[in-house]
Amino acid sequence: MTDYNFREIEKKWQKFWQEQGLFQVDVKDRSRSKYYCLVMFPYPSSELHVGHGRNYIIGDAVVRYKVMKRFAVLSPMGWDAFGLPAENQAIKHKINPKDWTLRNIKRIKEQLSSWGIMYDWRREITTCLPDYYKWTQWLFLKLYENGLAYRKKAQVNYCPSCQTVLANEQVMEGKCERCSTPVIQKDLEQWFFRITAYADRLLEDLRLLNNWPERVKLMQKNWIGRSEGVEIDFALENSDKKIKCFTTRVDTIFGATFLAISFEHPLAEKLIADSPHKQEIKAFLQKAKSQPKSARLLDSFEKEGVFCGKYALNPMTQERIPVWIANYILAEYGTGAIMCVPAHDRRDYEFAKKYNIKIKEVIKPLSGSEEDVYEGEGILINSGQFSGLNSSLAKKKIAEFMEDKGIGRRKIHYKLRDWLISRQRYWGAPIPIIYCPNCGVVPVEEEDLPVLLPENVEFLPTGQSPLNFVKEFLNTTCPHCGAAAKRETDTMDTFVDSSWYYLRYISPQEHRLPFITEDVNRWLPVDQYIGGVEHAILHLMYSRFINKFLYDLKMVSFSEPFYSLFTQGMIVKDGFKMSKSKGNVVAPDYIVDTYGADTMRLYILFMGPPEKDAEWKDEGLVGCFRFLKRCWRLLDMREELDWQQSNNNQDADQRLKRKIHQTVKEVTKDLESSFQFNTAIAMIMELVNEIYKSINVNPPLVEKSVFEEAVKTLFLLLAPFTPHISEEAWQRMGEKNSIFQSFWPSYDEKVLQEKKVNIAVMINGKVRDHLEIDVSMPQEEIESAALSLAKVKELLGSSPPQKVIYIPGRLVNIVN
RNA sequence: GCCGGGAUGGCGGAACUGGCAGACGCGCCGGUCUCAAAAACCGGUGGCCGCAAGGCCAUGUGGGUUCGACUCCCACUCCCGGCACCA
């Protein structure tokens with residue numbers, strides 16, 4: 001009996017694959033179909049724990065499978081290396097963020113290799129190195145050139161702890177996505193990318209993404225938040241001014257009994273200028289302004305407002321309706337002012353009740369509704385010439401009427417906001433812009449890229465970019481007029497770096513261009529993208545946007561970068577996400593040393609459906625170890641059993657052959673149609689059980705050739721999951737080439753056919769007996785055989801059956 | 001509040017298109033080997049009743065459709081995720 005010496009085996013083959021360059025690909029290779037498998041690149045902070053491992057292991061299994069299917073497989077890896085953690089660590093330990101980052105990269109690379117995860121490391125990219133961020137800056141310039149990067153003063157989300165602004169997408173429930181500090185609002189001059197210009201396309205093209213999880217598409221759809229409606233002009237009484245209001249429910253216009261505008265609305269100050277209650281109103285405005293935006297999220301947030309003293313006219317009824325200033329109106333959405341229909345909107349209703357404003361019903365529910373406020377659609381009442389119409393028709397008719405009269409127009413609004421990319425921090429790609437006293441905002445010339453990030457910097461956060469204090473960086477000359485000028489000192493959001501990295505892998509060393517269009521067009525869209533669902537909105541939306549922009553520049557020929565997306569679930573321990581602070585991390589180095597990388601890989605793939613969260617259990621790991629040892633022992637059986645004397649048992653041969661083909665079929669199906677590694681592995685375990693059944697007597701029940709076929713198939717099927725043991729077994733069985741240079745096994749439908757099957761005999765849907773039948777037997781014969789079973793006769797008694805249902809190969813159901 | 005997803009043994013999870021619920025693994029129980037233990041191997045393992053043959057009950061709850069429902073329909077409970085005063 002040989003020892004399963006996984007430590008030796010794993011080292012041996014890792015070295016072999018690396019030296020043979022087995023997982024390298026030439027992008028010019030057109031001899032085979034291409035397959036681009038992309039695993040989201042990690043942020044290189046500290047070392048990996050098993051919770052991090054899942055996506056790399058899934059990716060590696062896919063890659064190895066596709067290699068065996070003879071695709072030219074591109075499997076690259078890189079590092080999303082700019083960002084706050086590096087900077088914070090650097091501040092804490094007084095080291096350079098670059099050193100810290102590069103050290104982590106080295107460590108993580110070693111870990112990935114020790115798990116047998118293969119990448120084409122010649123394509124490695126690191127976003128914090130100049131040969132990469134040069135092209136991130138280039139991307140900025142292109143966006144600027146095309147009017148899609150712009151600077152404006154705006155109320156922005158600011159994290160007081162990270163001392164930097166955040167994009168909308170990085171604010172979670174009013175808190176900083178990174179550190180959970182409540183976000184405050186600041187008025188700052190910042191750079192934005194005009195992602196809103198792509199809102200409709202980002203929404204529309206979700207339809208093309210058939211192989212994306214439905215929920216990710218939904219999240220993006222909700223985030224884009226398209227709504228169709230009408231923008232209505234409300235004339236102010238005794239004034240030539242108008243208040244524009246956006247509504248999706250123009251069918252309720254006859255019930256609009258007041259207007260409400262945001263306290264930040266540009267008209268707010270003017271409206272109250274000659275009010276006798278000016279002081280009170282100002283006090284209210286003050287109070288509203290002082291409330292943090294995050295307070296709105298609380299249940300306790302109370303809707304408050306104040307009558308500004310002016311009236312507007314309802315354009316349909318000509319009724320005078322009061323204009324209120326209210327704290328619940330969002331300045332940044334729509335026009336910052338709304339028409340209020342208290343009878344059909346709960347928020348307006350609450351407000352109207354509180355301040356005694358008229359409530360007028362204009363929609364009759366289709367079926368009786370008991371509620372005070374009916375928010376659904378129905379039949380219009382009290383709505384002049386439009387009474388009697390249903391809501392959806394009325395929306396159309398009223399919109400047309402308003403457009404005719406020039407008092408309103410159809411509009412589409414999005415929740416999506418432009419992407420704020422300025423960060424007041426050091427560890428990021430500098431924004432390639434120069435401010436000249438004569439020429440104003442001047443982009444850095446393309447040939448002057450990269451704008452190098454200086455290395456010896458005092459980077460304590462101050463709310464200003466640390467680059468402000470680096471004179472050599474800050475002071476420059478204007479590329480236009482040569483005057484002394486200053487550089488932009490903010491750096492870019494790291495999501496800019498990762499919005500295009502999947503393109504750079506194709507041409508990682510190219511120095512004239514970010515990538516070579518011809519090669520990119522051959523290799524993309526990415527065939528399979530794998531990563532965490534936490535990127536459902538941020539990274540995946542930004543990448544889609546940038547890709548569409550490059551598409552418009554004709555630099556890429558595909559409008560979506562990722563054809564197929566797989567989001568894996570987390571590995572949890574004791575019910576929580578693994579994290580150092582919780583102290584529940586499982587160290588992969590220990591697992592690899594004690595049980596081997598193959599065991600760890602197998603267990604992570606077997607622990608449950610890969611898209612769902614899974615609980616790490618050491619016992620489960622041990623089970624997988626046991627299984628691999630069981631597979632290993634089969635290799636000894638080749639020599640130890642007395643094959644000369646083997647029983648000439650054709651039934652056993654047939655049974656094992658059938659199992660082999662059945663397993664190939666099922667495993668292939670699980671890998672092709674979806675990522676059901678757990679069931680694929682279960683099938684392989686069944687095959688092993690079946691093999692043991694046919695050899696657990698000596699001499700064995702099956703012929704040696706059938707046994708050999710079974711064991712070879714076993715290791716071929718295992719190869720994507722447990723590559724090291726499979727390679728070793730392959731060699732031990734006398735094969736000369738790598739198992740990854742052999743073919744994925746195929747199956748023969750004919751071998752799968754069984755001659756005899758055992759079917760269930762049911763009475764009224766309950767299983768009462770079983771019957772062994774020949775598959776070729778005619779239905780009548782099967783039915784009569786079932787009816788003549790002693791058990792059936794007894795239960796049926798004398799009454800004849802009313803009906804007999806036969807489902808071929810499965811069951812007979814007798815109804816009486 | 002709105003939009004998704006989910007609930008199956010002691011545990012993780014299987015189940016084709018409506019067709020024998022519980023594959024596979026873990027755990028547990030029994031056995032073989034051993035001075036003993038571990039490892040390994042073999043067998044058993046949803047619950048209840050029964051010596052047994054067998055029977056009854058069981059896929060979150062309550063109804064429905066069907067010869068037949070984990071699967072389809074209606075109502076409800078709980079859990080997870082996303083969005084959240086978006087007019």
Side-chain angles (χ1 to χ4, degrees), chain A residues 1 172-174 213-223 225-227 229 245-250 252 256 260 296-299 301-303 326-330 332-341 344-348 350-351 375 413-417 533-534 536-537 569 602-603 606-609 611-624 626-627 629-630 633 666 669 676 678-689 692 696 758-770 791 801-816:
Chain A
M1 185 106 114
M172 302 293 165
E173 295 177 340
E214 242 8 82
R215 62 176 179 145
V216 172
K217 286 193 276 185
L218 259 159
M219 280 160 75
Q220 293 214 354
K221 186 180 169 213
N222 292 339
W223 189 262
R226 178 191 153 102
S227 48
C245 296
F246 176 72
T247 181
T248 54
R249 290 299 302 274
V250 75
T252 63
R296 290 181 175 185
L297 301 171
L298 303 173
D299 287 340
F301 183 77
E302 201 165 334
K303 290 177 184 51
N327 64 351
Y328 72 98
I329 311 303
L330 298 170
E332 63 276 16
Y333 185 79
T335 61
I338 62 167
M339 69 172 210
C340 299
V341 185
H344 304 294
D345 182 288
R346 183 152 298 279
R347 296 157 301 178
D348 299 345
E350 274 174 42
F351 195 83
E375 294 188 296
H413 274 283
Y414 296 93
K415 286 195 222 176
L416 184 70
R417 301 291 137 75
V533 75
E534 65 274 17
I537 295 171
L602 188 70
Y603 174 54
F606 182 60
M607 63 198 305
E611 69 280 5
K612 292 218 296 205
D613 288 355
E615 172 84 27
W616 179 277
K617 292 247 194 305
D618 290 341
E619 296 84 1
L621 182 82
V622 175
C624 287
R626 203 176 290 157
F627 170 73
K629 282 192 287 187
R630 206 163 137 80
R633 209 174 316 114
E666 296 294 322
K669 196 185 83 197
Q676 292 177 53
N678 53 331
T679 49
I681 292 165
M683 280 302 293
I684 298 174
M685 288 171 168
E686 283 188 55
L687 172 63
V688 171
N689 293 342
Y692 271 100
N696 64 8
N758 196 18
I759 62 167
V761 178
M762 297 172 137
I763 295 175
N764 296 330
K766 285 193 183 232
V767 184
R768 294 300 175 180
D769 206 347
H770 286 90
K791 187 111 184 259
Q802 289 181 17
K803 205 176 0 167
V804 179
I805 295 155
Y806 173 59
I807 306 295
R810 290 192 183 276
L811 55 85
V812 176
N813 189 14
I814 300 159
V815 187
N816 82 332

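So you know, we letter chains A, B, ... as the sequences are listed, proteins then strands, and number each from 1.
- Take Tyr806(A) and apply the side chain to side chain donor-acceptor pair (under 3.5 Å) test, not counting sequence neighbours, and it matches no residue.
- Residue whose closest nucleotide on RNA chain B sits further toward the 5' end, between Asp345(A) and Ile814(A): Ile814(A).
- Of the residues near RNA chain B, Gly620(A) and Lys766(A), the one whose nearest nucleotide (by heavy atom distance) lies more toward the 5' end is Gly620(A).
- Between Glu534(A) atom CD and G82(B) atom C1' there is a gap of 14 Å when expressed in whole angstrom units.
- Within 4.0 Å (heavy atoms only), Arg768(A) reaches sugar-phosphate atoms of the nucleic acid but no base atom.
- Contacts of Glu214(A) classified as salt bridge (charged side-chain N to carboxylate O under 4.0 Å, His left out), with partners at least two apart in sequence or in another chain: Lys217(A).
- Every residue two or more places apart in sequence or in another chain that forms a ring-ring contact (aromatic ring centres under 6.0 Å, His included) with Trp616(A) is listed here: Tyr603(A).
- Paired regions of RNA chain B, where each region holds three or more successive Watson-Crick or G-U pairs whose two hydrogen-bonding distances fall under 3.5 Å, are B:1-7 with B:77-83, B:10-12 with B:24-26, B:27-32 with B:40-45, B:46-49 with B:54-57, B:60-64 with B:72-76.
- Gly608(A) comes within contact range of no nucleotide atom at all, as no heavy-atom separation falls under 4.0 Å.
- In this structure, the ring-ring contact (aromatic ring centres under 6.0 Å, His included) partners of Phe246(A), at least two apart in sequence or on a different chain, are His413(A).
- Rounded to whole Å, the C1' atom of C26(B) lies 16 Å from the corresponding atom of G44(B).
- Partners of Asp613(A) according to the side chain to side chain donor-acceptor pair (under 3.5 Å) rule, which considers only residues two or more places apart in sequence or in another chain, do not exist here.
- Residues forming a salt bridge (charged side-chain N to carboxylate O under 4.0 Å, His left out) with Lys669(A) (at least two apart in sequence, or on another chain): Glu666(A).
- Among the protein residues, Glu615(A) comes within range of no part of the nucleic acid, since none of its heavy atoms lies under 4.0 Å from any strand.
- For Arg417(A), the side chain to side chain donor-acceptor pair (under 3.5 Å) criterion is met by no residue, not counting sequence neighbours.
- If you check G27(B), C56(B), C3(B) against the side chain of Leu218(A), the one that comes closest is C3(B).
- Taking Arg630(A) as the reference, Asn689(A) meet the side chain to side chain donor-acceptor pair (under 3.5 Å) condition, with sequence neighbours excluded.
- Put simply, the side chain of Asn327(A) gets close to the backbone of Glu302(A): a donor and an acceptor are under 3.5 Å apart.
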Could you run through nucleotides 16-23 of chain B and give me one letter per nucleotide, 5' to 3': B if any protein heavy atom sits under 4.0 Å from the base, S if only the sugar-phosphate is that close, - if neither? B--BB--B
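- Of the candidate nucleotides C67(B), C83(B), A14(B), C67(B) has the atom nearest to the side chain of Lys803(A).
- Remark: the separation of the C1' atoms in U66(B) and C72(B) is 10 Å, to the nearest Å.
- Only the C1' atoms considered, G43(B) is 23 Å distant from G50(B), to the nearest whole Å.
- The salt bridge (charged side-chain N to carboxylate O under 4.0 Å, His left out) contacts involving residues 680-689 of chain A comprise Lys659(A)-Glu686(A), where partners must be two or more places apart or lie in separate chains.
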Reading nucleotides 38-47 of chain B from the 5' end, what letters show protein touch, with B for base, S for backbone sugar-phosphate only, - for no heavy atom under 4.0 Å? --SSS-----
